[in-house]
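Working notes, structure below.
Start at 1 and go down the list; that is how both ligands and their atoms are numbered.
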Amino acid sequence: MRASSFFGVTLFAATALAHGNITSPPARQPGPVMQQVCGAAAVSAILADGTGPLENIPSSGAADCNIFLCKGAQFEDNQNNVQVFAPGEVVDFAAQLPIPHEGPCNVSIIDTATNTVVGQPLLVFDSYADENLAQLPLNNTAFSVTMPTDLGAQCQTPGDCTMQWFWFGTAAVQTYENCVDFVMSE
Ligand SMILES: *[C@@H]1O[C@H](CO)[C@@H](O)[C@H](O)[C@H]1NC(C)=O
Ligand SMILES: *[C@@H]1O[C@H](CO)[C@@H](O)[C@H](O)[C@H]1NC(C)=O
Ligand SMILES: *[C@@H]1O[C@H](CO)[C@@H](O)[C@H](O)[C@H]1NC(C)=O
């Protein structure tokens, strides 16, 4: 019994170390407003490991705290971190995947007020971060999306839209997200 709980704890510690996140463009970070909304434990979990899954982030349970939207990170903490993209612009992403878990991945523009996808996903991997491959395809850590040209007046006000990288490790049952806040240039 003792031995098995010891190994259980060890395994948890090992898998809790690092899984993946995007390193560019700059993504939403936790801050004081997130702490107010989602609680100090949620912020601490992200600061302890910025690559961990959403399932490791405890929510305060407050109605305004949705860990499954941008990891619970709040726009108000990131107002100085808003990118400007032009219609048709190709935006390069870099990701790090220290512990891959096979599953689907996508990049989409999200309407933050409703947490719904705007238009079509910009990029879809049916299979991403497959740990059974000898080497991950280069496009798992370096990929790009093309900004839509048909958004009209949408996404011109900071905070209205965010670009979300979403990855779900199917066998691991772990979800990873990062959000790039942006506005479309007119
Ligand atoms: C990615 O994870 C690293 C390691 O915890 C962290 O330093 C970095 O801030 C994270 N980046 C993002 C965009 O969350
Ligand atoms: C992105 O992938 C996840 C996991 O398969 C899925 O739940 C979500 O609907 C996808 N998003 C879009 C916009 O396709
Ligand atoms: C990523 O690269 C792999 C291997 O070259 C390719 O099969 C796959 O279609 C690419 N996926 C995307 C979304 O570009």
Side-chain angles (χ1 to χ4, degrees), residues 13-31 33-35 38 42-57 66-75 77-83 90-112 114-148 150-151 154-155 161-182:
T15 55
L17 277 178
H19 304 257
N21 66 11
I22 66 164
T23 54
S24 172
R28 237 188 231 201
Q29 296 293 322
V33 177
M34 177 178 176
Q35 177 151 340
C38 286
V43 171
S44 301
I46 296 178
L47 294 181
D49 181 4
T51 69
L54 306 183
E55 287 78 4
N56 286 0
I57 305 171
N66 182 359
I67 299 294
F68 280 76
L69 173 61
C70 301
K71 269 184 177 169
Q74 303 292 307
F75 174 70
D77 288 325
N78 289 275
Q79 297 187 55
N80 296 326
N81 199 17
V82 177
Q83 313 301 303
V90 174
V91 177
D92 293 330
F93 279 74
Q96 53 173 352
L97 301 170
I99 305 184
H101 303 287
E102 195 281 331
C105 169
N106 50 51
V107 177
S108 317
I109 295 176
I110 306 292
D111 177 327
T112 53
T114 55
N115 191 13
T116 55
V117 176
V118 175
Q120 298 300 309
L122 303 180
L123 183 66
V124 175
F125 294 89
D126 295 329
S127 180
Y128 183 77
D130 185 352
E131 67 272 39
N132 298 310
L133 298 175
Q135 210 180 342
L136 292 180
L138 275 180
N139 65 10
N140 283 202
T141 48
F143 48 89
S144 55
V145 303
T146 303
M147 298 310 288
D150 58 357
L151 289 180
Q154 256 183 315
C155 306
C161 295
T162 195
M163 190 149 49
Q164 188 165 257
W165 171 80
F166 180 107
W167 160 40
F168 180 70
T170 305
V173 199
Q174 289 178 335
T175 317
Y176 301 87
E177 282 179 2
N178 278 128
C179 281
V180 174
D181 288 307
F182 74 98

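- When heavy-atom distances to ligand 3 are checked against a 4.0 Å cut-off, Leu138 has no atom that comes that close, whether in backbone or side chain.
- Every residue two or more places apart in sequence or in another chain was checked for a side-chain hydrogen bond (donor to acceptor under 3.5 Å, both in side chains) with Asn140, and none qualifies.
- The minimum heavy-atom distance linking Asn178 with Ile22 is given by the pair OD1-N, 2.9 Å.
- Legend: residues meeting ring-ring contact (aromatic ring centres under 6.0 Å, His included) with Phe182, ordered by chain and number and at least two apart, are Phe85.
- Put simply, the side chain of Gln74 gets close to the backbone of Gly72: a donor and an acceptor are under 3.5 Å apart.
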>> Show, in sequence, the C-alpha distance, side-chain angles and deciding distance for Met163 and Val107, and conclude whether the side-chain contact (heavy atoms from CB on, under 4.5 Å) test is met.
In response: CA-CA 7 Å; Met163 190 149 49; Val107 177; 3.7 Å; yes

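- Partner Ile109 forms a side chain to side chain contact (heavy atoms under 4.5 Å, CB included) with one of Val117, Leu151, Thr162, Val145 and no other, that one being Leu151.
- Near Pro104, meaning under 4.0 Å from one of its heavy atoms, ligand 2 places the atoms 4 (C), 5 (O).
- Note: no N/O pair closer than 3.5 Å links Ser108 and ligand 2 by distance alone.
- Aromatic ring pairs are classed by plane angle as parallel below 30°, tilted from 30° to 60° and perpendicular above 60°; the pair Phe143 and Tyr128 is perpendicular.
- Judged as a disulfide (SG to SG under 2.5 Å), and not counting sequence neighbours, Cys105 has no contacts.
- Heavy-atom proximity to Val124, at under 4.0 Å, picks out these atoms of ligand 3: 13 (C).
- Protein residues lining ligand 1, listed by chain and number: Asn21, Ile22, Ala27, Gln29, Asp49, Gly50, Thr51, Gln96, Asn178 [non-hydrogen atoms, distance under 4.0 Å].
- Every atom of ligand 2 with a heavy atom of Phe166 under 4.0 Å away is listed here by number and element: 1 (C), 2 (O), 3 (C), 4 (C).
- In this structure, Asn106 contributes its side chain and Val124 its backbone to no donor-acceptor pair below 3.5 Å.
- Of all atoms in ligand 2, numbered sequentially from 1 with element shown, those under 4.0 Å from a heavy atom of Pro121 are 12 (C), 13 (C), 14 (O).
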